[in-house]
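What you see is a predicted model; the values in this text were computed from it and never measured. In what follows, chains are A, B, ... by sequence order, proteins preceding strands, each numbered from 1.
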Amino acid sequence: RKEVEQDPGPFNVPEGATVAFNCTYSNSASQSFFWYRQDCRKEPKLLMSVYSSGNEDGRFTAQLNRASQYISLLIRDSKLSDSATYLCVVTLSGSARQLTFGSGTQLTVLP
Amino acid sequence: DGGITQSPKYLFRKEGQNVTLSCEQNLNHDAMYWYRQDPGQGLRLIYYSQIVNDFQKGDIAEGYSVSREKKESFPLTVTSAQKNPTAFYLCASSISIANEKLFFGSGTQLSVL
């Protein structure tokens, strides 16, 4: 079983749609969780951290379910510019050395 | 503006050749990292450095070497021992090894001729 698993997609959605991605992780001791966005052949960029209580940043909402060991990302009112690959990242501790990256979920927002 | 600069953007390697990927940062970060990304896979850690003159193997270090002679620079050499070098290589840095927030360079695409 992979340490971090994501549905690779692709998710093709019309502009204005709401789309949700899930990511499961295998190590119950995992401490920190993140969503990164990566455009094709470019560097990943931190989209948001995921907190136990859930958190929202504009059209983006991230949630953590420790009991079921998954995190989710919800994008409301999708824009064309949201088209990218979304990476789920998990770490056991507060160390970048132990970051584990998922393989990413590809999103295409269609006009 | 502070950031991480990787060069070249594209690199081609001949059979049996060693090639070196450059990574420079002016963020004054102590820790630096090299990742490899293959299509449909997550980033995998090749080497990391906590501080100048120190570096440690990551999860897939075989066929690679690094040096950290200056705080700003962390070059990666892909040696001829790496039999499948074609991939997208990303350099990153963080304030320290204990800090999870990574800053990435724009990447180098390495291909084999």
Please round to the nearest 0.5 Å and tell me the distance separating atom OG of Ser103(A) and atom CG of Leu43(B). 11.0 Å
Please determine whether residues [X] and [Y] belong to a single hydrophobic cluster, defined as Ile, Leu, Val, Met, Phe, Trp and Tyr linked transitively by side-chain heavy-atom distances below 4.5 Å.
| X | Y | answer |
| --- | --- | --- |
| Val4(A) | Phe104(B) | no |
| Phe60(A) | Val19(A) | yes |
| Leu80(A) | Leu107(A) | yes |
| Leu64(A) | Trp35(A) | yes |
| Leu73(A) | Val50(A) | yes |

Distance under 6.0 Å and angle within 45° of the ring axis: does Arg41(A) meet both against Phe88(B)? yes
Under 4.5 Å heavy-atom distance to chain B, tell me which part of Pro8(A) shows up: side chain, backbone, both or neither. neither
Checking Gln38(A) against chain B: side chain, backbone, both or neither under 4.5 Å from a heavy atom? side chain
Is there a side-chain contact between Leu90(B) and Pro44(A) in this structure, where contact means two heavy atoms from C-beta onward sitting under 4.5 Å apart? yes
Does any heavy atom of chain A fall under 4.5 Å from the side chain of [X], the backbone, both, or neither of them?
| X | answer |
| --- | --- |
| Tyr35(B) | side chain |
| Ser94(B) | side chain |
| Ile97(B) | both |

How close do Ala96(A) and Tyr33(B) get, heavy atom to heavy atom, and via which atoms? CB-OH, 3.1 Å
Closest non-hydrogen atoms of Phe101(A) and Leu102(B), given as atom of the first, atom of the second and distance, are CZ-CD1, 4.1 Å
Side chains of Ser32(A) and Glu100(B) only: does a donor on one sit below 3.5 Å from an acceptor on the other? yes
Chain B interface, residue from Lys42(A), Lys45(A), Gln106(A) that has the most non-hydrogen pairs under 4.5 Å: Lys42(A)
Could you please spell out the steps behind the side-chain contact (heavy atoms from CB on, under 4.5 Å) verdict for Leu99(A) and Leu45(B)? CA-CA 9 Å; Leu99(A) 289 171; Leu45(B) 184 64; over 6 Å; no
Could you list which of residues 51-82 of chain B have a heavy atom closer than 4.5 Å to any heavy atom of chain A, in residue-number order? Lys57(B), Gly58(B), Asp59(B)
